Number of protein chains: 2
Amino acid sequence: MSRGQETKQRLLDSAQHLMYSRSYSDVGVQEICKDAKVQKGSFYHFFPSKSALTVEVLEQLKMQMIESILLPAFAKDLTPAKRFERFIDYAYQYQVQLKEQYGYVLGCPMGNIALEMSTQDETIRKKVEMLFESIFLVFIDVLEDAQDAGELDSDTDINELAQAALAYGEGVLMLAKTRNDPQLIKLLLPRVAHLIGLKAR
Amino acid sequence: MSRGQETKQRLLDSAQHLMYSRSYSDVGVQEICKDAKVQKGSFYHFFPSKSALTVEVLEQLKMQMIESILLPAFAKDLTPAKRFERFIDYAYQYQVQLKEQYGYVLGCPMGNIALEMSTQDETIRKKVEMLFESIFLVFIDVLEDAQDAGELDSDTDINELAQAALAYGEGVLMLAKTRNDPQLIKLLLPRVAHLIGLKAR
DNA sequence: GGTTGACTTTACCGAACGGTCAATTATTAT
DNA sequence: ATAATAATTGACCGTTCGGTAAAGTCAACC
């Protein structure tokens, strides 16, 4: 990685961590630069605006989430139901770690930005919309497997189910963040099985 | 209402509408004052800080929501299942109206603030936590009715169910806001019946 | 070895931020 | 009528905001 790319990466990493632990608006370009040990002029050499930086942060977030959580959790070595359980465990462990680290359950980094920015920055809203799409695809994949395995009725609308599951996951993370209590994830998320009608077999 | 109380009310109303349609951070004290036609000095006569104003806005929000949506939707003139259907209809209609008015689905005003402010302002986080509690109570009430009517198994944990339902509702609203599409509410929310295991009778 | 272009540094912009304050005007109670 | 209190006004504070401009540094390529 060239010198310039390293600088850009430091900016992305600083922005990601600062915005996730606080919010888009509360973190200024100045603070991101200071954290990344980069001058403001350099920031605007790499990014035309704070908004553009954020879109790239979101892309990076998506890749990291897919690689480090979604793919391992939904690997096809287990039954669909067990994969969901593993995913819930991942999510729980992660929020526990965040709470130890920051003192707060931070919830979903995409959901946070979505609710804060959707009415104010159309390119950010569109980007989050696409990220959610990527998660759908993963969910749909598991649900198809579940259907093939007979754990799901063959006439159910997989696409709708995937959206419902995502919504429920985001909602549970919101509640956990509001209560600042990761236990809620363990308590509530398993119920996703009822939501999508997974049959125990 | 005395002259002072009218001024205070105008500040609360302006703040509520501005923050809901944008965000806490994006709306400044200055703009709230301008919208309410009040001088800045008066603002700080009535509220010690922007944060304190927001807590009162949240309280007002709760009262309005209970009075104009929760109580009418969950009135005991219908079966529990039908009440949920009516509630979904209310939520859908409301977001449709918001989209016509502002061009955007605004989602849940409490959820929005919760995700934006929970890690930054403890008194706001606590306040939203309490608002969610109030909604639980309403849900628990319906669920008890459902249990009495035999539409719910008698050994199910009502409290947990109420939380799951709230989480799902918030999640669906988040998705609807991110997609800027109120239809999602109509598509996804009815599935709350599966989530809480309501038997059709 | 000189040129090019990517990268960095520093100083700067006007505007807005949340909040303070003292002086002034209305209102109310005595 | 007057004293006390409630409400309003408008100027002001230091700081930060997102973004700009221009000069300077450095490595790579010809």
Side-chain angles (χ1 to χ4, degrees), chain A residues 1-58 113 116-125 127, chain B residues 1-58 113 116-125 127:
Chain A
M1 191 154 48
S2 73
R3 199 160 71 96
Q5 289 309 303
E6 275 174 31
T7 307
K8 182 173 179 180
Q9 194 55 52
R10 279 207 312 280
L11 285 169
L12 286 169
D13 292 342
S14 291
Q16 177 175 326
H17 132 257
L18 287 171
M19 285 180 182
Y20 184 28
S21 60
R22 310 234 293 282
S23 74
Y24 176 90
S25 303
D26 196 52
V27 176
V29 173
Q30 226 151 261
E31 189 180 359
I32 294 169
C33 290
K34 190 178 174 188
D35 189 83
K37 291 169 176 55
V38 169
Q39 300 298 328
K40 216 194 210 169
S42 287
F43 180 102
Y44 283 97
H45 171 74
F46 291 107
F47 305 101
S49 67
K50 186 186 175 188
S51 168
L53 175 263
T54 305
V55 170
E56 290 201 37
V57 164
L58 286 168
I113 290 189
E116 183 183 354
M117 299 304 297
S118 281
T119 60
Q120 299 180 61
D121 190 310
E122 186 66 11
T123 77
I124 289 181
R125 186 190 68 76
K127 183 69 189 179
Chain B
M1 192 153 48
S2 73
R3 198 161 70 97
Q5 290 309 304
E6 274 173 31
T7 308
K8 183 173 178 179
Q9 194 56 53
R10 281 209 310 282
L11 284 169
L12 286 169
D13 292 342
S14 290
Q16 177 176 327
H17 133 258
L18 287 171
M19 285 180 182
Y20 185 28
S21 60
R22 312 235 290 284
S23 74
Y24 176 91
S25 304
D26 196 52
V27 176
V29 174
Q30 225 150 257
E31 189 180 359
I32 294 169
C33 290
K34 190 178 174 187
D35 189 83
K37 291 169 177 54
V38 169
Q39 299 297 329
K40 235 221 202 127
S42 287
F43 180 101
Y44 284 96
H45 173 74
F46 292 108
F47 305 101
S49 67
K50 185 186 177 187
S51 168
L53 175 264
T54 305
V55 169
E56 289 202 37
V57 165
L58 287 168
I113 289 189
E116 183 183 355
M117 298 305 295
S118 281
T119 61
Q120 297 179 63
D121 190 310
E122 186 66 10
T123 78
I124 290 181
R125 185 190 69 74
K127 185 69 189 178

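Remember, it's a predicted structure, so these values are computed and weren't measured experimentally. Below, chain A is the first sequence line, B the second, and so on; all start at residue 1.
- The side chain of Lys50(B) approaches dG19(C) more closely than any other nucleotide in the set dG19(D), dT8(C), dG19(C).
- Val27(A) approaches Ile32(A) most closely through the heavy-atom pair CG1-CG1, 3.5 Å.
- Under the 3.5 Å distance criterion, the side-chain polar atoms of Glu116(A) are left unmatched by any main-chain donor or acceptor of Ser23(B).
- Nearest nucleotide to the side chain of Ser49(A), out of dA7(D), dG19(D), dT9(D): dG19(D).
- With hydrogens and angles ignored, no donor-acceptor pair under 3.5 angstrom links the side chain of Lys40(B) to the base of dG10(D).
- Screening residues 22-44 of chain B for salt bridge (Lys or Arg N to Asp or Glu O under 4.0 Å), with sequence neighbours left out, gives Arg22(B)-Asp26(B), Arg22(B)-Glu31(B).
- Applying the 4.0 Å criterion to OP1 and OP2 of dC7(C), one finds that His45(A) has a side-chain N or O inside that range.
- Remark: P of dA6(C) and NZ of Lys8(A) are 13 Å apart, rounded to the nearest angstrom.
- As rounded to whole Å, 14 Å separates atom P of dA27(D) from atom CD of Glu6(A).
- Contacts between residues 13-39 of chain A and DNA chain D, defined by a heavy-atom separation below 4.0 Å, involve Val27(A), Gly28(A), Val29(A), Gln30(A), listed by number.
- Ranking dC7(C), dG19(D), dA7(D) by closeness to the Tyr44(A) side chain, first place goes to dG19(D).
- A search for side-chain hydrogen bond (donor to acceptor under 3.5 Å, both in side chains) contacts involving Ser118(B) returns nothing, not counting sequence neighbours.
- Remark: Phe43(B) engages Phe47(B) in a ring-ring contact (aromatic ring centres under 6.0 Å, His included) (not counting sequence neighbours).
- Listed nucleotides: dT9(C), dG19(C), dA7(D). Nearest to the side chain of Phe46(B): dA7(D).
- Screening residues 47-57 of chain B for salt bridge (Lys or Arg N to Asp or Glu O under 4.0 Å), with sequence neighbours left out, gives Lys8(B)-Glu56(B).
- With sequence neighbours excluded, no residue forms a salt bridge (charged side-chain N to carboxylate O under 4.0 Å, His left out) with Asp121(A).
- The nearest whole Å value for the distance from the CZ atom in Phe43(B) to the P atom in dC12(D) is 22 Å.
- Whole-Å rounding puts the Phe47(B) CZ to dT8(D) C1' distance at 15 Å.
- The side chain of Thr7(A) approaches dT8(C) more closely than any other nucleotide in the set dT20(D), dT8(C), dG19(C).
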